[in-house]
There are 2 protein chains.
Amino acid sequence: MKQDKISEAVVRRLPTYLQVLYEFERREVVTVSSQELGNELGLNPAQIRKDLAYFGDFGRKGVGYDVLNLIGHIRQILKLNQKINVALVGTGNLGHALCNYNKYSKDNMKIVAVFDENVEKIGKKINHLTVQPMSELKQTVIEQQIRIGIITVPDFAAQAVANQIVEAGVEGILNFAPAVLRVPEHVRVHYADFTKELLSLAFYLESERRNTDGSALD
Amino acid sequence: MKQDKISEAVVRRLPTYLQVLYEFERREVVTVSSQELGNELGLNPAQIRKDLAYFGDFGRKGVGYDVLNLIGHIRQILKLNQKINVALVGTGNLGHALCNYNKYSKDNMKIVAVFDENVEKIGKKINHLTVQPMSELKQTVIEQQIRIGIITVPDFAAQAVANQIVEAGVEGILNFAPAVLRVPEHVRVHYADFTKELLSLAFYLESERRNTDGSALD
DNA sequence: TAGATTGTTAATCGATTAACAATC
DNA sequence: TAGATTGTTAATCGATTAACAATC
């Protein structure tokens, strides 16, 4: 195949492919079939083959995919071979958690600057990073070639922070605040809104707590 | 409409509807049309009407939806009118962040117990909750009627923790670890995996950083 | 009544899956 | 060669959108 416009659904599956491929790598598996990948992820093998074929012919007929090779390709597709600098705004518990996550990442994404509106937080250290005031955002983004901004402020502050991040010239935003952001077209926003996942999970709970009168279905 | 089986896509949109409805409520708006909701959320009005119609006839022709009334209905659908107790496993920064989030929630979901495998963490206080050992999980789940478990442990530990949560009798899991969990059919797993969102965001960045030789497109 | 907006059916669009020739 | 598995086309399935009668 190669080219066509790639759908979002496809792109969103790539990181999970990468994730299980890392696992296969760790187990020193050399070759993997779409069947095996599908098993691991609960996906249809045809879908995996089709997804990968959008980007190139990575497999070998009758054999499967070379694990290391495929990892390389997906990393390339996701641009994880180049360093991607990230700024984080909002140094609450969630912000702290994400800064720490930094350390475990084998990807080239790295939080290189941290900001907060709260004067009391400014100057504090989080790991080796010093919390900066928002007024320094734009200059830091330029100097450090920051391309992605993470928003971990309360929801009422999210839009204002997004505006400043956009104005600073960032290309993508990962928003943890439960709020829909309005940004110009050239900036991409992804949402990491666990409240949505948590509330929708409740829908699938059994309607009534099982009670003790014995009348309930199983 | 009313009934049919409801697709996941529909259910996942309900919390966002709720979110903007809360916003309208705050602004003391009485009535809202699918048009206005769509504007706010970047969704097609027909989709919103259709989504809501799965659950009942909540609107009034020529008028729209009563904000308070619709909030009530969606809360009911998502089971947010009953208290839903939640247990959290893994008291790292992320776990802490989620425990705090607790306070802001106007929903009836509440983290009522916190667990960690690490002996050093046990007995520590997080807000008013005391970190318990995993060995107490099952009994606590039963005693406190806990229905949802949140996993915020490192990815390598996620499956083992999931097994224990399932064994304890929980109905749903929200997993923050970047790992695919295997659980029995009657347990529902939602993923709150921001790494997926972060890595897929990179795909949409411009291929090359703009350079300084002036040859790049704008 | 005239204008607005729902609920729903039909049309469209897109994504997933099945099937299979190509080939390692 | 025989068995396995890809890449891709065609078939299916499902979700989104348009359109409109019903009606507030």
Side-chain angles (χ1 to χ4, degrees), chain A residues 1-17 20-21 24 29-74 77 196 200 203, chain B residues 1-17 20-21 24 29-74 77 196 200 203:
Chain A
M1 197 170 286
K2 191 86 169 163
Q3 279 311 52
D4 257 316
K5 59 228 83 64
I6 312 295
S7 86
E8 291 199 23
V10 173
V11 175
R12 266 172 219 283
R13 281 191 292 269
L14 294 178
T16 59
Y17 295 167
V20 308
L21 285 166
F24 279 113
V29 176
V30 175
T31 279
V32 74
S33 68
S34 60
Q35 183 63 249
E36 293 169 291
L37 284 171
N39 262 351
E40 214 59 38
L41 289 160
L43 297 178
N44 184 301
Q47 179 169 67
I48 294 175
R49 294 200 298 280
K50 200 159 199 271
D51 282 357
L52 295 174
Y54 279 108
F55 303 99
D57 293 0
F58 302 146
R60 280 221 299 160
K61 292 184 171 138
V63 178
Y65 300 88
D66 182 276
V67 172
L68 290 179
N69 184 261
L70 189 52
I71 287 177
H73 280 299
I74 296 180
I77 294 163
K196 197 159 76 178
S200 62
F203 175 84
Chain B
M1 197 172 287
K2 190 87 170 164
Q3 278 308 53
D4 256 315
K5 59 230 82 68
I6 311 294
S7 86
E8 292 200 20
V10 173
V11 175
R12 267 171 219 283
R13 279 191 292 267
L14 294 179
T16 59
Y17 295 167
V20 307
L21 285 166
F24 279 113
V29 176
V30 175
T31 278
V32 73
S33 69
S34 60
Q35 184 62 250
E36 294 170 291
L37 284 171
N39 262 351
E40 215 59 39
L41 289 159
L43 297 178
N44 183 303
Q47 179 168 68
I48 294 174
R49 292 201 299 278
K50 200 160 200 266
D51 283 357
L52 296 174
Y54 279 107
F55 303 99
D57 293 0
F58 303 147
R60 279 220 300 161
K61 294 184 171 139
V63 180
Y65 300 89
D66 182 277
V67 172
L68 289 178
N69 184 261
L70 189 52
I71 287 177
H73 280 299
I74 297 181
I77 295 164
K196 198 158 78 180
S200 61
F203 175 84

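Quick caveat: nothing in here was measured; it's all calculated off a predicted structure. Labels below follow one simple rule: chain letters A, B, ... track the order of the sequence lines, proteins then strands, and each chain is numbered from 1.
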Exercise for the section: In whole angstrom, give the distance that lies between atom CG of A:Asp57 and atom P of C:dC24. Expected result: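 Distance, rounded to whole Å: 11 Å.
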Practice task
Hey, which sits more toward the 5' end of DNA chain C by its nearest nucleotide, A:Val63 or B:Arg60?
Solution key: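 The answer here is B:Arg60.
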Problem - Inter-residue atom distance B:Leu37.CG - B:Leu52.CG, 0.5 Å rounding - result: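 These two atoms lie 7.5 Å from each other.
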Handout entry: Minimal non-hydrogen separation, B:Thr31 against B:Glu36, with atom names
Key =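 Here B:Thr31 and B:Glu36 meet closest at O-OE1, 4.1 Å.
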Can you tell which of [options] lies closest to the side chain of [X]?
X       : options                : answer
A:Lys50 : D:dT8, D:dG7, D:dT17   : D:dT8
B:Ala53 : C:dG7, D:dA18, C:dA15  : C:dG7
A:Gln47 : C:dT17, D:dT5, C:dT5   : C:dT17
B:Arg49 : D:dA19, C:dT16, C:dC24 : D:dA19
B:Asn44 : D:dT17, C:dA18, D:dC20 : D:dT17

Problem - Parallel, tilted or perpendicular: ring planes of A:Phe203 versus B:Phe55, cut at 30 and 60 degrees - result: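 It falls in the perpendicular class, over 60°.
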Problem - Phosphate-side-chain proximity, B:Tyr65 and C:dG7, N/O vs OP1/OP2 below 4.0 Å - result: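 So the side chain of B:Tyr65 is within the cut-off, an N or O lying under 4.0 Å from OP1 or OP2 of C:dG7.
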Practice task
Verify the contact: side-chain N or O of A:Ser34 to OP1 or OP2 of D:dT6, cut-off strictly under 4.0 Å; return yes or no.
Solution key: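 So the side chain of A:Ser34 is within the cut-off, an N or O lying under 4.0 Å from OP1 or OP2 of D:dT6.
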